Amino acid sequence: MNYLVTGAAGYIGSHTVRELLARGARRVVAVDSLVRGHRGAIEALERVADGRLRFVHLDLRDRAALAALLAEERPDAVLHFAAFTLVGESVAHPAMYWSCGVGGTSSLLEAMRAAGTERMVFSSTAATYGAPERMPIAEDTPQVPVNPYGASKLACEAIIRGEVDAARAEGRAFGATMLRYFNVAGCASDGLLGEDHTPETHLVPSALQAALGQRPALQLFGTDYPTPDGTCIRDYVHVEDLATAHVDALQALHPHRCDAFNVGIGHGFSVREVFAECERVVGRPIPVQVAARRAGDPPVLLSDPARIMRELGWSPRHRTLTPMVESAWRWMQANPGGYPKP
Ligand code: UFG
């Protein structure tokens, strides 16, 4: 099959392109604006693609260029990752989240319709649920986002669902699957790809940056939460397991249907537990500083992944923090400045 992947030079997009290539994709068209993505990730993928990868530098909101690309490539399926993904940034700059998320997604759907591309897997998020009281979170939990990041992703889910309804009414076979990820960590186990965000705000890479002396200390954002050790609890999935979930979702995708699946392991780790695992893997103490709570952090987010396990047969290979932290640490040691910057 031929695939088009948006946000292909980003963290999860690049790992998923690799999984597509590993599972025998005939051609992958990798699209990225390179605003947050890395040319270095594309170059790494080219090294393992045997000529099956084409990179196109494009902002999805450039409707004419995107439509021309889809008309030329006529992909069988689209995996849509391109988006800004930082909760705090979305609160400070909501317009960029709405414009890129909703603008990009609607432009993409229009181009897919014109090209006759009938399958889409969409990168959604647990942030669409907001801060529900009942844990774990199943897919029928009401989606009440508490920040523009989650709200804009929920709006994208709505317009994708609308496209499935429109296609059904018009006799087109369009189908889509939303994957709502919880927390993602780790890197390609062989070190080909990594995690490189600027600014870096995620827990595991931030702790490892503190270990490398790239920041003075890891800030522990809040130690007075109503949890056993006072720090927030999150459900971490290995990025390679998440990549597998995308390809599984694509293979199981039904025309005319719009499904949503949580992707997590269904088990939580506290910030202190993650930090302790980082220290264990690094093999020395990491500087740490207790700080105030970060605005918008719910105390606990845990997925109920029963549906994806049951309906897609997906099962995470990694259920502990160790392979996530070890692979992240290996990549950061080998690439202390991240991907080469132009
Ligand atoms: N944390 C710290 N110090 C840091 C960074 C994080 O204490 O330097 C804490 C946070 O306060 C939070 C936990 O570590 O309690 C995890 O924080 P991350 O920033 O790694 O991840 P988030 O849970 O905030 O968000 C992630 C993704 C979102 C997604 C969400 C869904 O970044 O895109 O998971 O669960 F929506």
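Counting starts at 1 for both ligands and their atoms, following the listed order. Just so it is clear, the structure is predicted and the values come from calculations on it, not from any experiment.
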Short side-chain donor-acceptor distance under 3.5 Å, T141 and R134: no
Is it the case that the side chain of N147 and the backbone of S90 share a donor-acceptor pair, with hydrogens and angles ignored and the cut-off at 3.5 Å? no
Could you tell me whether E277 and R280 make a salt bridge, using a distance below 4.0 angstrom between a side-chain N and a carboxylate O? yes
Would you check whether Q219 has a nitrogen or oxygen atom less than 3.5 angstrom from a nitrogen or oxygen atom of ligand 1? yes
Has ligand 1 got any nitrogen or oxygen that is less than 3.5 angstrom from a nitrogen or oxygen of R234? yes
Considering the options Y181, F122, F261, which one meets the ring pair (Phe, Tyr, Trp, His ring centres under 6.0 Å) requirement together with H246? Y181
Considering both backbone and side-chain atoms of L220, is one of its nitrogen or oxygen atoms within less than 3.5 Å of a nitrogen or oxygen in ligand 1? no
Decide, yes or no, whether a salt bridge links E43 with R39 under the criterion of side-chain N to carboxylate O below 4.0 Å. no
For atom 15 (O) of ligand 1, the protein heavy atom that lies nearest, with its residue and separation: C232 CB, 3.1 Å
Need the ligand 1 atom indices (1-based, order shown) with element for anything under 4.0 Å from a heavy-atom of T85. 33 (O)
Among protein heavy atoms, which lies nearest atom 29 (C) of ligand 1, and at what distance? T125 OG1, 3.5 Å
Flag for E89-Y97: side-chain donor and acceptor within less than 3.5 Å: yes
Which atoms of ligand 1 sit under 4.0 Å from any heavy atom of A127? 36 (F)
Hey, are R215 and E200 close enough for a salt bridge, meaning a charged N less than 4.0 Å from a carboxylate O? no
Identify the protein heavy atom lying closest to atom 24 (O) of ligand 1, giving its residue, its atom name and the separation to 0.1 Å. R294 NH2, 2.8 Å
Are L253 and V17 linked, directly or through other ILVMFWY residues, by side chains that come within less than 4.5 angstrom of each other? yes
Shortest protein contact, atom 13 (C) of ligand 1 (heavy atom only): V271 CG2, 3.8 Å
Which protein heavy atom lies closest to atom 34 (O) of ligand 1, and at what distance to 0.1 Å? N183 OD1, 3.3 Å
Inspect the contact between K341 and D196 and indicate whether a charged nitrogen and a carboxylate oxygen are less than 4.0 angstrom apart. yes
of all protein heavy atoms, closest to atom 28 (C) of ligand 1 is Y149 CE2, 4.0 Å
Using a 4.0 Å cut-off to any heavy atom of A126, which atoms of ligand 1 qualify? 31 (C), 35 (O)
N or O pair under 3.5 Å between H202 and ligand 1: yes
If you measure from each non-hydrogen atom of L203 to ligand 1, which part falls under 4.0 Å: side chain, backbone, both or neither? both
Can D224 and R293 be counted as an ion pair, charged N to O under 4.0 angstrom? yes
Shortest protein contact, atom 11 (O) of ligand 1 (heavy atom only): D297 OD2, 2.6 Å
Would you say the ring centers of H15 and Y11 fall short of 6.0 Å from each other? yes
For L301, atoms of ligand 1 separated by under 4.0 Å from a heavy atom: 35 (O)
Could you see which bit of T201 sits under 4.0 Å from ligand 1, with heavy atoms only: side chain, backbone, both or neither? backbone
The protein heavy atom nearest to atom 7 (O) of ligand 1 is F221 N, 2.9 Å
